[in-house]
Amino acid sequence: MLTRLYEHKQISLREYQEALAEEVPANRRVWPFLAPHFCLEIKKRYSQESQVITTIDLDLQVLIEALVAAEIEKLESKGITNAAVIVIDNHRHELLAAVGSADFFNVRHQGQVNGYLAPRSPGSTLKPFVYALGMERGLITPKHYLEDVPVLYGGYSPENYDRAYSGLVSAEGALQRSLNVPAVNLLADLGGEALHELLRKAGFTTITPVNHYGLSMVLGGCEVNLLELTALYSSLACGGRYYSPKTRMVPGTAPPKTLFSPGVAYVITQILTEVLRPDLPACWEFSSLPKVAWKTGTSYGHKDAWSIGYNPRYTVGVWVGNFSGAGRPELIGAETAAPLLFDIFNKLNQHSAVQWFKQPSTVKQREVCALSGQKPGPHCPTLVTDYYLADCSPDTECAFHQTYLVDPETGYRLPPHYYSSSKALTEMVYVQYPPRIASWLEKNGRPIDKLPPLLRDWQRLRPGRVPVIHSPSPDYVYQLRPGAPREYQKICLEAAAGNDVHKLYWFIDGEFLGSAAPGERLFYLPEPGVHRVVCQDDQGRSAEVKMVISE
Ligand SMILES: [Zn+2]
């Protein structure tokens, strides 16, 4: 062939000799097969165009594909067969790497499924956004207390991962320990819709327009995909502004959507950056970890392990699981997905030194009560430093550390502002817990301050905390089971009260039913109809709920 070309003067002698010297390939060369899931997506989306220049960083993509394959090889013996990874450039808002599975050609483990677009339960990975909303709406600061006690929401009772409760936790502690109950309480305080609205605003395609998820959404009771979830985390690295990540090189960026203020994004980032987090595997060397703000998640039934992290430059999302949906006990975010996340950050940080986020001018620090996290009152014994936002943080004074007056002669408590010219009164400091926390602490054998009885003449209507009725729930219709005796269908009455309360009195439709201590249960023989349930404490303060019983 070459000789004929030379003889017909189609190539020069030099070209002929050079061509002869070149080795003839023994096999057909393998076509480059890079970023297969991503390329398929691009081909689908831009099918009319002959050439698309994408944002994928090929070196990084190849590197991460290799890391994913190596990690899954290690995990395969445990029945864990796939992983997906997304890397976003926070400055340019571009998708730099997108790995959809461990091995595209592995038919047995459905390697062609695109893991970064597959809708999965997010586990705890949405929690930081509920805390961000709580901060934005002025409900919390990092040290502000949250209740971590059993609570019932119309038949739904969230539990913590370890089924234990702490009574009282700081917001940052609750987020770092990924506690379920405080997160659900916070979402309930936000109005339940808040997280759904946020995900809709960030364009989550897996979330239905109507919010039928309820409060369990914050615990992973919905579906997300890794790409959209990682983009949402990227907003925390971009001062609270959400950008839909670009996938091809076109000029300009779509205008961002503001999800949070820069101050809120900064404070949440500081909380997620705490390195000594209890959910870190014990075997890790903390000193060698790159500085990353991060959160893990594990879905119900151990089907999905998530780990998402960011620094000012990159946001990385990792999902590990099985496309068959099979759960494995080892599928835990902190143990299965986090090592891959940190491997990737270690590689990324080799390329560029990272300067950490700058504190926005709206973020300030102040001293707060160590127990309540609220602005210190005159009787708070211990103070700690806390971040707050100049424009939207709670400003109330500590409601926990209170004083009362005692008549040293009789031992009776005196009403606040009582004045006597004839004798010296003793002022005592005590801790007044919110009702639910007080009754939980007491039930669990933790000592709480009990107030001495009030001077008899003053035991009338008093200001202060009213009882909190836990049961019956006003959001619930108590359906009687036909045929079953009413005795077996009694409805529980239970309320919490402040720790100045010893007894609660229960009334149904104005009739006295009985008395019980705070946290103690009474039972009501159900009568169909709508009833008015009143709970009055021994100080005269009362609460009421509607109880609906249907046949
Ligand atoms: Zn205090």
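Remember, it's 1-based here, ligands and their atoms both numbered in the order they're listed. Everything numeric in this text was worked out from a predicted model, so none of it was measured.
Of the charged side-chain nitrogens involved, at least one lies within less than 4.0 Å of a carboxylate oxygen, so that Glu172 and Lys143 count as a salt-bridged pair. The existence of a salt bridge linking Arg436 and Glu147 is confirmed by a sub-4.0 Å separation between a basic side-chain nitrogen and an acidic carboxylate oxygen.
Side-chain contact check for Ser121 and Asp304: no donor-acceptor pair (N or O, by modelled atom type) lies under 3.5 Å. Side-chain contact of Asp509 with His531: a donor-acceptor pair under 3.5 Å is present, judged by distance alone.
Checking His379 against the Zn ion (ligand 1), every N/O/S atom stays at or beyond the 2.8 Å cut-off.
Rounding to 10 degrees, one finds that the Zn ion (ligand 1) sits at the corner of an angle of 100° between His401 ND1 and Cys369 SG. Centred on the Zn ion (ligand 1), the SG atom of Cys380 and the SG atom of Cys398 lie at an angle of 110°, reported to 10°.
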